[in-house]
> 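I have a structure here, written as structure tokens, and I will follow up with some questions on it.
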Amino acid sequence: MDRTPLIAGNWKMYKTVKEAVELVEALLAHIGQPSDREVLVCPPFTALYPLSPLLAESPIALGAQDVFYESQGAYTGAISPLMLQDIGCSYVIVGHSERRQYFGDDDTLVNRKLHAALAHGLHPIMCVGESKPQRDAGQATAIVTAQVRAGLAEVTVEQMRSVVIAYEPIWAIGTGDTATPDDAQTMHAAIRQTLTELFDATTANGVRIQYGGSVKPDNVDELMAQPDIDGALVGGASLKAESFLRIIQFH
Ligand code: 13P
């Protein structure tokens, strides 16, 4: 099955509104009209609303980096899926390892957030990935496939068509130490096999699985050449127009 690659920039806690607008304007000036790939930016919450009109009718989709699971209520500091949908977001990242590490997001919470996103018509990008000690102990596949199973609890075949998975080995994030294309491919294939077991082969073959962790202009081509790597979730290299544009133009 054809899977349209999804190249996404996770800006993390970077960019004021002015900087965010400048970056998006620079991307739009050079992106052209890509037809065989999808492009997404996930700025911090404060930049979503000002960027929304710039990105409407553009080839770049807008997504958030996190979401709470209720649509409204007395949840100080939280942002709801209804609010994200309201301002033109179509994607939201859930379960990023930095959320898991610094904010206590566990698989149960990630699963609730994923369901909340789906209920509001947002495409969740669910992140999974093992730590360095877990990999060294030979547990990487077990950890990652368990995260996939727990995060996708109670998801239907129909809903799964809207879900993206991002494999982000924690030791590769922000370190310049990317997974080899072979290691990434092996994990992506294990994730797809898990999706076959959870759903069915047709559904599994339709799900996009992104790789994230030190994706750069000089390694994106070999990563994207792997059969089960269907996109990239890019941190640092998405913060500059030049490097993100080169990643978008992978071949
Ligand atoms: P880096 O590309 O900076 O390693 O970050 C990856 C990431 O965490 C994207 O979500």
Side-chain angles (χ1 to χ4, degrees), residues 5-15 19-20 23 27 37-45 47-48 60-67 84 89-105 109-110 113-114 117 122-132 134-135 140 143-144 147-148 151 163-181 183-184 187-188 191 208-224 226 229-250:
L6 175 61
I7 304 295
N10 172 10
W11 295 4
K12 308 193 180 185
M13 200 174 71
Y14 292 98
K15 306 287 181 191
E19 292 165 344
L23 176 52
L27 293 173
R37 56 204 66 196
E38 258 186 79
V39 180
L40 166 69
V41 291
C42 300
F45 286 128
L48 291 173
I60 305 179
L62 184 64
Q65 298 172 18
D66 185 42
V67 68
L84 297 180
C89 288
S90 48
Y91 285 86
V92 62
I93 299 169
V94 297
H96 192 279
S97 63
E98 289 149 16
R99 296 290 320 173
R100 295 179 191 255
Q101 181 179 354
Y102 301 117
F103 302 94
D105 289 23
L109 184 54
V110 172
K113 291 181 172 187
L114 181 132
L122 298 166
H123 296 283
I125 298 177
M126 185 179 83
C127 301
V128 295
E130 82 287 357
S131 67
K132 183 79 173 127
Q134 288 166 337
R135 174 156 284 260
I143 296 281
V144 168
Q147 287 174 337
V148 169
V163 178
V164 176
I165 295 187
Y167 169 55
E168 297 208 311
I170 296 167
W171 47 270
I173 295 177
T175 58
D177 190 14
T178 187
T180 65
D183 283 349
M187 188 62 83
H188 283 229
I191 292 170
R208 290 178 295 182
I209 307 176
Q210 296 177 302
Y211 170 79
S214 297
V215 175
K216 306 287 178 202
D218 64 5
N219 61 23
V220 66
D221 295 336
E222 52 180 356
L223 287 162
M224 290 303 297
Q226 301 300 316
I229 299 186
D230 310 313
L233 185 53
V234 186
S238 73
L239 296 173
K240 289 207 164 74
E242 190 183 4
S243 49
F244 193 51
L245 284 163
R246 171 60 186 88
I247 290 170
I248 292 167
Q249 287 152 8
F250 76 87

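Throughout, numbering of the chain's residues begins at 1 and tracks the sequence. All ligand and atom numbering here is 1-based and tracks the order in the structure.
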> For Lys216, is at least one N or O under 3.5 Å away from an N or O on ligand 1?
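Among all N and O atoms of Lys216, none is under 3.5 Å from an N or O of ligand 1.
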> Look at the aromatic rings of His188 and Tyr167 and report parallel, tilted or perpendicular, splitting at 30° and 60°.
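Ring orientation, 0 to 90° scale: perpendicular.
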> After noting the C-alpha distance and the side-chain angles of Lys12 and Leu239, does the key distance pass the side-chain contact (heavy atoms from CB on, under 4.5 Å) rule?
CA-CA 9 Å; Lys12 308 193 180 185; Leu239 296 173; over 6 Å; no
> Test side-chain contact (heavy atoms from CB on, under 4.5 Å) on Arg99 and Leu109; report intermediate values, then the result.
CA-CA 11 Å; Arg99 296 290 320 173; Leu109 184 54; over 6 Å; no
> Just verifying a value: how many Å separate Arg37 CZ and Leu6 CG, rounded to the nearest 0.5 Å?
12.0 Å
> So if I count the atoms of ligand 1 from 1 in the order they appear, which ones are less than 4.0 Å from some heavy atom of Ala172?
4 (O)
> For a side-chain contact (heavy atoms from CB on, under 4.5 Å) check, start with the C-alpha distance between Asn10 and Ile125, then their side-chain angles and the critical distance, and finish with the verdict.
CA-CA 11 Å; Asn10 172 10; Ile125 298 177; over 6 Å; no
> Rounded to the nearest 0.5 Å, what separates atom OG in Ser131 from atom CD1 in Ile173?
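Answer for the OG-CD1 pair, Ser131 versus Ile173, is 11.0 Å.
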> Could you check atom 3 (O) of ligand 1 against the protein and tell me its nearest heavy-atom contact, residue, atom and distance included?
Gly236 N, 2.8 Å
> Got the closest protein heavy atom to atom 5 (O) of ligand 1, with its distance?
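Checking every protein heavy atom, the shortest distance to atom 5 (O) of ligand 1 gives Lys12 NZ, 3.2 Å.
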> Is Met13 close to Pro44 at the side-chain level, that is, under 4.5 Å between some pair of heavy atoms?
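A side-chain contact is absent here, since even the closest heavy-atom pair is not under 4.5 Å.
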> For the residue pair Glu168 and His96, confirm or rule out a side-chain donor-acceptor distance under 3.5 Å.
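Their side chains do contain a donor-acceptor pair, which is all the 3.5 Å distance test asks for.
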> Using a 4.0 Å cut-off to any heavy atom of Glu168, which atoms of ligand 1 qualify?
6 (C), 7 (C), 8 (O), 9 (C), 10 (O)
> As an exercise, identify every atom of ligand 1 less than 4.0 angstrom from a heavy atom of Gly213.
4 (O), 6 (C)
> Quick test: of every protein heavy atom, which one is nearest to atom 2 (O) of ligand 1, and how far off is it to 0.1 Å?
Gly235 N, 2.9 Å
> Using a 4.0 Å cutoff against the non-hydrogen atoms of Gly174, which atoms of ligand 1 qualify?
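In order of numbering, the contacting atoms are 1 (P), 3 (O), 4 (O).
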> What do we get for Ser97 next to ligand 1 when only non-hydrogen atoms under 4.0 Å count, side chain, backbone, both or neither?
neither
> For ligand 1, indicate whether the residue Asn10 contacts it via side chain, backbone, both or neither (heavy-atom separation under 4.0 Å).
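The answer is the side chain of Asn10.
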> Out of curiosity, is Gly176 lining ligand 1, as in a heavy atom under 4.0 Å away?
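Gly176 does not count as a contact of ligand 1 under the 4.0 Å cut-off.
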> Find all atoms of ligand 1 within a distance of less than 4.0 Å from any non-hydrogen atom belonging to Ser214, and give their numbers and elements.
1 (P), 2 (O), 4 (O)
